[in-house]
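These notes are about the structure you will find just below.
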Amino acid sequence: MKGTGVQKLLPNGRGLLRGKTLSERGVLLRDSLLLLCGGFLLSGAGIFGKALPLAACLVAAQPFGLRAILTVFGACIGYFLRCDGAEAAELIALCMMSLAQSAVFQGTSLPRFRWFSPCLTAGVCAVLSGVGLLGGEGAVTLWALRVALAGVGCAVFRSALHGNPTARLLLTAALAAGASPLVPQADLGLLCAVALCCARQELLPAAVLGIALDVFGAQTHATVALLLPAVLCRRLARAEHRTVCTLCFALLPNLTLALFGEASAGSCMVISAGAALGMLARRFGWYEIGEEPSGAAGARLENAAQVLELLRSRLPQSAGNPSASEAESVYDGAAERVCRCCARFHRCWEHRAEETYEALTGAARRIIERGAAEVEDFPQSFRDNCCHMEGFVTAINGEMEGMLFRRRYRMELQESRRVIEQELGCLAEYLRTVESQKPASKVKELSFVPEVGICSVGKNGNRANGDRGACFRGTRGDYFVLLCDGMGTGEEASRLSAETVQLLEQLLRAGLAPEAALQIYNGAEVLRGADRFTTIDLLCLDLFSGAAVLYKWGSAPSYWRDKYEAKKIGTAAPPPGVGVGGENTPEQYRLSLKRGEMLVLVSDGAGGAQTEAAIAAYSGESARELAALLISGLPAEDDMTAVVISLRPCTS
């Protein structure tokens, strides 16, 4: 027997749960029960003794399914128990129509538009509530308020279900307002509001919850009662003042209600219980609204890191080296193209196979070393017996070209795989580093302040300088100094160095380790296949200890100077972007600048014996003075930049 229209619109629970795992079914049922309670609580929100369509907004904000059905069920029970006959029938009809519109437009693209569901819900509410316009004075105001709340509430609740923190706070405030008149002797909405405000100790939740309780709940001075302790706790927002903040939320709301003549034994118990719950929630981290708990966020980062590691492990370890059979295929291919149709084929390749093999083997080494075959590579006897010697050599060269092309392709493929493998590893390590970082309970004071002197001039006074640098603070008390020298001079070199500085600065500011940031940049350059390169000097300073690590990749030598001597740092090396692995890594030098030492970074044009002598002869302590001194005494035959870094102790 065919199902009725209602049966088609409301499928049974078995159909809604079909195809889901046990854990997915558990999550679905849990969320459905919570939304059922949410629909019931929202049905209690009202103004001037009149119910509001907030429960219908929660229904319209969801796609059609078990969650929406149970939300309608809870809302209908709430409106039936809390409203009179005509008002309950109107709001229950609005809930059913909201569910119906979700079902009708489920398979279309219209619900994807942000304001489609809110506008449709407001329109349905305007039609169903139009009967109330005949009720007399105040009916128009109530009708307009319900229509406006239907549209705005649907939009806000939809955003809340998608994880927006502000929208979730508004949804929580609406639930508290609906729970407020549920038990006359104990204001459950006030209890929840006090608990949440005590846990978060912020002004915005206190203001939103207080206004919601005053306007839509059973309170009249909840805003003042919640904002006073929130303001005081903001002044005492330290770990040792948690007990004082809890006492503020337990006492000040009671004093406020007593001042307005609204205090009672029930309100005193509710506020005290809410403050106690808020203290427990803050201690165990239960108070986040719209925020993912730290444990869940860490688990998601760890899962993402594991996915990257899995992808990395699935990459082939090598692209496959050319085998001996591939080299032998050169002769086979040439024989197939030339010798197969020759009248002496059986004579050369069957009767005299051993002689032919020796002749080809003897010539193979010379052919491979040269990269091409010549007639003279083969013995005289082989040349005399071959009828198509010139064609055979040409065929061998064609096969050799194909083999060398395949080898080059394999090498490039292997290098690309190494780049991707390396960058996936860097990203996985970065995610694990972010997951392991926890906010410090007390901010540690810095011991040193960096002093940086920079002097730069373009070739022959050209304004387009190929040297580019940056200095910026890191995320954990570290300080970075970058100096990049683009190959060549002029606009192109300036653009290369600027792009390098921009990318490395963004990676370092995001929290990547310097080694990982440099490797990611190197991989990007290798994949890009550019024929122009940029050298890199990267200094990482620890402003707590004064220790430093200098990373040099293809750059000119640097100089470390103390009170007694000046040492040259760095050796000639290829720049980043040449290759991956092996020697294609930056040089690392561990230094200390805590006793007044200076580190000088220079580009190619500013290096040399004259620079080294000037650094050794300098007796001052000003980084800016030394940088200007190094550049002023050199002819501008190339782009020149000198960066001098030193540390001075903090005075406070």
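What you see below is based on every heavy atom in this structure, not just the backbone, and it leaves out hydrogens, waters and symmetry mates. This chain uses plain numbering: 1 for the first residue, then up along the sequence.
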Looking only at heavy atoms, which two atoms of [X] and [Y] are closest? And how far apart?
X      : Y      : value
Ile454 : Ala627 : N-CB, 4.0 Å
Pro253 : Cys248 : CD-O, 3.4 Å
Asp639 : Gly490 : OD2-N, 4.4 Å
Gly570 : Tyr589 : CA-OH, 3.3 Å
Leu226 : Phe249 : O-CE2, 4.1 Å
Gly458 : Asn465 : N-ND2, 3.7 Å

Flag the pair [X] / [Y] as yes when at least one side-chain heavy-atom distance between them is below 4.5 Å, and no otherwise.
X      : Y      : result
Phe472 : Leu508 : yes
Leu539 : Phe480 : no
Val481 : Leu601 : yes
Val602 : Thr641 : no
Glu451 : Leu647 : no
Leu593 : Trp560 : yes
Ser646 : Met598 : yes
Ile520 : Leu512 : yes

- Query: Passes side-chain contact (heavy atoms from CB on, under 4.5 Å), Leu599 versus Ile569? Steps please.
  - Reply: CA-CA 10 Å; Leu599 180 66; Ile569 301 174; 4.2 Å; yes

Roughly how far apart are [X] [atom1] and [Y] [atom2], rounded to 0.5 Å?
X      : Y      : atom1 : atom2 : answer
Ile211 : Leu170 : CD1   : CG    : 10.0 Å
Ser456 : Met640 : OG    : CE    : 8.5 Å
Phe448 : Leu543 : CZ    : CG    : 9.0 Å
Ser159 : Asn164 : OG    : CG    : 3.5 Å
Lys568 : Thr611 : NZ    : OG1   : 10.0 Å
Leu482 : Gln502 : CG    : CD    : 12.0 Å

- Evaluation steps, side-chain contact (heavy atoms from CB on, under 4.5 Å), between Leu277 and Leu191: CA-CA 9 Å; Leu277 288 175; Leu191 184 145; 3.8 Å; yes

More than 12 heavy atoms of other residues, nucleotides or ligands under 6.0 Å from [atom1] of [X]: is that the case?
X      : atom1 : value
Glu587 : CD    : yes
Glu491 : CD    : no
Arg473 : CZ    : yes

- Full working for side-chain contact (heavy atoms from CB on, under 4.5 Å) between Leu252 and Leu255: CA-CA 5 Å; Leu252 289 181; Leu255 293 178; 4.3 Å; yes

Quick check against the 3.5 Å criterion: does [X] have a side-chain atom that pairs as donor or acceptor with the backbone of [Y]?
X      : Y      : result
Asp478 : Cys540 : no
Asn522 : Gly577 : yes
Ser497 : Ala493 : yes

- Does any donor atom in the side chain of Tyr521 or Gln519 lie under 3.5 Å from an acceptor atom in the other side chain? no

- Query: Any side-chain donor paired with an acceptor under 3.5 Å for Arg468 and Thr500?
  - Reply: no

- Message: Quick test of your reading of the model: are Arg509 and Glu505 salt-bridged, counting only N-O distances below 4.0 Å?
- Response: yes

- Would you list the pairs meeting side-chain hydrogen bond (donor to acceptor under 3.5 Å, both in side chains) in which at least one residue belongs to residues 590-604, sequence neighbours left out? Asp467-Ser603

- Query: How would you list all residue pairs meeting side-chain hydrogen bond (donor to acceptor under 3.5 Å, both in side chains) that involve residues 545-556, not counting sequence neighbours?
  - Reply: Glu515-Tyr551, Asp537-Lys552, Asp537-Ser555, Asp542-Ser545, Lys552-Ser555, Lys552-Ser558

- Message: Between Val644 and Val452, does the side-chain contact (heavy atoms from CB on, under 4.5 Å) criterion hold? Intermediate values first, please.
- Response: CA-CA 6 Å; Val644 183; Val452 181; over 6 Å; no

Please list every donor-acceptor pair under 3.5 Å in which a side-chain atom of residues 203-210 meets a protein atom from a residue at least two apart or in another chain.
none

